[in-house]
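On a predicted model such as this, the values are computed, not experimentally measured, just so you know. Lettering of chains follows the sequences in order, A, B, ..., and the numbering in each one begins at 1.
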Number of protein chains: 2
Amino acid sequence: MNISQAAQRTGLPAKTIRYYEDIGLVTPSRDTNGYRVFADQELHKLTFLARSRALGFSIEDCRALLALYEDQSRASSDVKRIAAQHLKEIEAKIADLRAMRDTLSELVRACSGDDRPDCPILKGIEHAGGPARRS
Amino acid sequence: MNISQAAQRTGLPAKTIRYYEDIGLVTPSRDTNGYRVFADQELHKLTFLARSRALGFSIEDCRALLALYEDQSRASSDVKRIAAQHLKEIEAKIADLRAMRDTLSELVRACSGDDRPDCPILKGIEHAGGPARRS
DNA sequence: AATAAGGCTTCCAGTCACTGGAAGGTCAAG
DNA sequence: CTTGACCTTCCAGTGACTGGAAGCCTTATT
């Protein structure tokens, strides 16, 4: 199977698949003409990668998960640790975004959005509490 | 006022302030020794930038908002359009993250996290629905 | 046999918003 | 007069791709 088929099957752009090979996540064999050939195992890996990426795992997390996926003697605790940590980060991001949304939606609500220069949004940004600190 | 004072006042790292000058968001004057000098107006701008960045606006949005902020004859509708669009994107991100969280927390919950290799998280990634499509 | 279209290859550059670090000038205190 | 804390510029790296150029390979049509 060529790269464009693999791309279609996995939902990953061909460019991304080449990139994954570059950074050592997959190692497709090569045809005599130099074309990449994707067999079942590599296709499985790509699918696994596509799905873990869709769950928001970083590439390095994906690399670790893939290694555990392929290691029949893994401990599920190793997997769980990675996933639980990632879950924590997602929760934190959601909380950050919700705070932004709450502030922003209030400002947008208060703004008349007409031709006049008076704007509660700009005032809100100008007069917001002290410098926000990112975790 | 030197850059480190400006950094302290605005909560922005000095590196970031230099970067903001680089890309033309602020234009501090210079002392005879070449040091940047931040007067009130530039400090106001930096504060405005820090706060709009904290609300998640992109640098280019910040640039536009800053221009409107300084334009006494602006129309509040211009501001509102930018903010409403950004709000929409934040809502979308929240929805994406919540979907990830829901899936992930279920997988984490189901995983015993012990020494055995059996792992519902890996199985969940392996057997998840078709390739996720990002908007 | 020539050609055109499409797929494949590699490699380089750009994205976004910084961040780290090196090399070196400036300043205030002891 | 030296030490240490500032400040300067410039270059490179981050994460995870993405776009594009230049060129080889394959297939179909003329």
Q. Which parts of residues 14-25 of chain B get close to DNA chain D, meaning a heavy atom less than 4.0 angstrom away?
A. B:K15, B:R18

Q.
With rounding to the nearest 0.5 angstrom, report the CD1 to CD1 distance, B:I121 to A:I82.
A. 9.0 Å

Q: Return each pair, listed once, that meets ring pair (Phe, Tyr, Trp, His ring centres under 6.0 Å) where at least one residue sits in residues 96-126 of chain A; pairs must be two or more places apart or across chains.
A: none

Q | Any side-chain heavy-atom pair of A:M1 and A:L43 under 4.5 Å | A | yes

Q: Taking salt bridge (charged side-chain N to carboxylate O under 4.0 Å, His left out) as the test, write out the residues that go with A:R101, two or more places apart.
A: B:E91

Q | Set of side chain to side chain contact (heavy atoms under 4.5 Å, CB included) partners for A:S4, sequence neighbours left out | A | none

Q) What closest approach, in Å, do A:V26 and A:L46 show between heavy atoms, and which atom pair accounts for it? A) CG1-CD2, 3.8 Å

Q | Set of side chain to side chain contact (heavy atoms under 4.5 Å, CB included) partners for B:E89, sequence neighbours left out | A | B:Q85, B:H86

Q. Among all residues two or more places apart in sequence or in another chain, which pass the salt bridge (charged side-chain N to carboxylate O under 4.0 Å, His left out) test with A:R109?
A. A:E106

(Q) Run the side chain to side chain contact (heavy atoms under 4.5 Å, CB included) test against B:S76 and tell me which residues pass, sequence neighbours left out. (A) A:C111, A:S112, A:D114, A:C119

Q: Estimate the overall bend of the helix from C:dA1-D:dT30 to C:dG30-D:dC1 from the end axes over five pairs each, rounded to 10 degrees.
A: 30°

Q. Excluding sequence neighbours, so at least two apart, what forms side chain to side chain contact (heavy atoms under 4.5 Å, CB included) with A:D31?
A. A:N33, A:Y35, A:V37

Q. Between residues 30-44 of chain A and DNA chain C, which residues have a heavy-atom gap below 4.0 Å?
A. A:R30, A:G34, A:Y35, A:R36

Q | Results of salt bridge (charged side-chain N to carboxylate O under 4.0 Å, His left out) for A:E126 - residues two or more places apart only | A | none

Q: Decide yes or no on salt bridge (Lys or Arg N to Asp or Glu O under 4.0 Å) for A:E60 and A:R53, but give the supporting numbers first.
A: CA-CA 10 Å; A:E60 286 317 306; A:R53 288 289 299 136; over 6 Å; no

Q) Nucleotide range of DNA chain C contacted by chain B, 5' to 3', under 4.0 Å to a heavy atom? A) C:dA17 to C:dC27

